[in-house]
Amino acid sequence: MDLSTAKARASVAWEALNSNSASAKAMKRREDYLHGAQDKPWAPEGIGDEHQSLRDQSIANWMPLPVYAPIQRMRCEGLRSGIGKKYDAALWRDVWASNKLEARQTIIYESMMTHGRGIAGVWMNEKNAARPVVRPQSVRNVYIHPSEDDPFTADYAVKIVERQKAPNALIVPNGSRDADYVAFVYDDTSFFRLTREGAGWVDGGKTGGHPMRAVPFVTFDYRSNANGEVFSPVDPLIPQQNAINTIRFNMLLAMQFSAYRQRVVTGFDPVLRDNTGQIVYQKDDKGAYILRNGQKVPMLADFGRAAVDRMLVFNGDQTKVFDMPESNLSNYVEMLTEFLTQFFATSQVPPQYLLSRMANLSGDAISGAESTLTSLQGELKRYSNEGMVELFTLSARAAGMDEPHPDMEMLYADTEVKSFAAIVDGISKLITSGFPREAAWEMLPGANQPKVQRWLEMADDEMNAEFDRIVKGDINAPAGGGGSLQPAAADGGAGAPRE
């Protein structure tokens, strides 16, 4: 890749990533809705502060639920590279643990569920070559251009960032920023640093190569099609979220203005008039008429306040007094519940997340209700496993290590709702039937590779100690009681057998 090619690629990325582009606006809208900055329900112009306050209160952010409910249960806890346990432990330590991906993996999954794509970047670590730098990336900053003949392979990637005070090894390899926008253009062997001046890009003073033999960005795509295109799972939920907010606004209006019986008086004119029938207007202390909006303010008759021990009397033979019944708010509640149910069904969120829908159910019933969410989690794990394999492959190349096998497998924590007693009983039966202990213990909730290895070492130590105590006659073994076996005493001793 030469400088002119890098400039052309940066221009393509700028058209897609700048804040005025359609894709950038769509990504910002999704993130705004996820964080509660949503469109307010429609209201006519000129509404008062009271109505405006109800519009603000009507926003109920349900968007985090379909995004975070699946990814909260996606937790990588180990890997099998196909090379060996020592290699797996080193790869996990130098790539996963050293980059704090135990917590940062959630950033990738969140981007998958929000924009349809998560991105991670891999780069060499100048301070410790054995531990490459791996960082989650924002899809609003990174543009990945697919290859012409293979839409699932990146031809090049461009990361555009605003100038920052402190450089980062992944974003700025061996360089610092001196422009408002900086672009880093990568292909499978080299990179260029560019700065934006005016409407174009100029040489940023940094270029070089890298050993990864691929674009140093890994994509985690959610349900991509045959053309490599991805679609956001949040986009179909935005109209439903708006409808829920509108129902809440209408319900708040009904609660505010028609939740109680309203008293109505018709045919009564409260304006005071003199003997000639002319309207009497209010005056100040100086005898001048009081004006409001340029109009004289009439005086109104005091017709009293309603109370239990009072009676209201109105003048005029056409005056009628009656009341209007309150609104039935249960209809609004039913509609809101129905819309929420549809929202949950669309996003594959089980009904127990709406706590009022399920109560006092057994573990098996809850597990059955979560079948759709469990299916979604399995699908997400398949998508993310492909990305994780590529991430560890690039990391191994950046660190100069042997590459993991293509059939490498990520081990995810089992977060499905199950009875712990049933799990333990099943594992015990598996081990009794000859199933490997290590594979069985991996099925325990919260188990990961380090824990299982520690459990195995502890079990072996206990077995060796028991063997030494019983078979070898360890002098340090506890004597007597507890049903433990004791070695025979010496001849003539108190414990010696008698003839």
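Just so it is clear, the values below take in all heavy atoms, side chains as well, and ignore hydrogens, waters and symmetry mates.
- A donor-acceptor contact closer than 3.5 angstrom links the side chains of Gln241 and Asn245.
- Of the N and O atoms on the side chains of Gln57 and Ser53, at least one donor lies less than 3.5 Å from an acceptor on the other residue.
- Using a 4.0 Å cut-off between a side-chain N of Lys or Arg and a carboxylate O of Asp or Glu, Asp39 and Arg29 qualify as a salt bridge.
- Looking only at atom types and distance, the side chain of Asn99 has no donor-acceptor partner in the side chain of Arg104 under 3.5 Å away.
- Taking the charged nitrogens against the carboxylate oxygens, Asp180 and Arg196 have no contact shorter than 4.0 Å, which rules out a salt bridge.
- A side-chain N or O of Asp187 and one of Ser190 form a donor-acceptor pair less than 3.5 Å apart.
- Within the 4.5 Å cutoff, the side chain of Asp155 has heavy atoms near those of the Arg9 side chain.
- Remark: the Asp235 side chain and the Tyr33 side chain contain no N/O donor-acceptor pair separated by less than 3.5 Å.
- Checked options Thr195, Leu194, Val182, Leu3; the residue passing with Trp201 is Leu194 (criterion: side-chain contact (heavy atoms from CB on, under 4.5 Å)).
- Lys296 meets the side-chain hydrogen bond (donor to acceptor under 3.5 Å, both in side chains) test with no other residue; sequence neighbours excluded.
- Counting only residues at least two apart or in different chains, side-chain hydrogen bond (donor to acceptor under 3.5 Å, both in side chains) contacts with residues 217-228 comprise Arg117-Asp221, Arg223-Gln348, Arg223-Glu379, Asn225-Glu229.
- Remark: side-chain polar atoms of Asn385 are paired, donor with acceptor, to backbone N or O of Met410 under 3.5 angstrom.
- For the 3.5 Å distance criterion, the side chains of Gln38 and Asn61 qualify, holding a donor opposite an acceptor.
- Without hydrogens or angle criteria, Ser111 side chain to Ile108 main chain gives no donor-acceptor distance under 3.5 Å.
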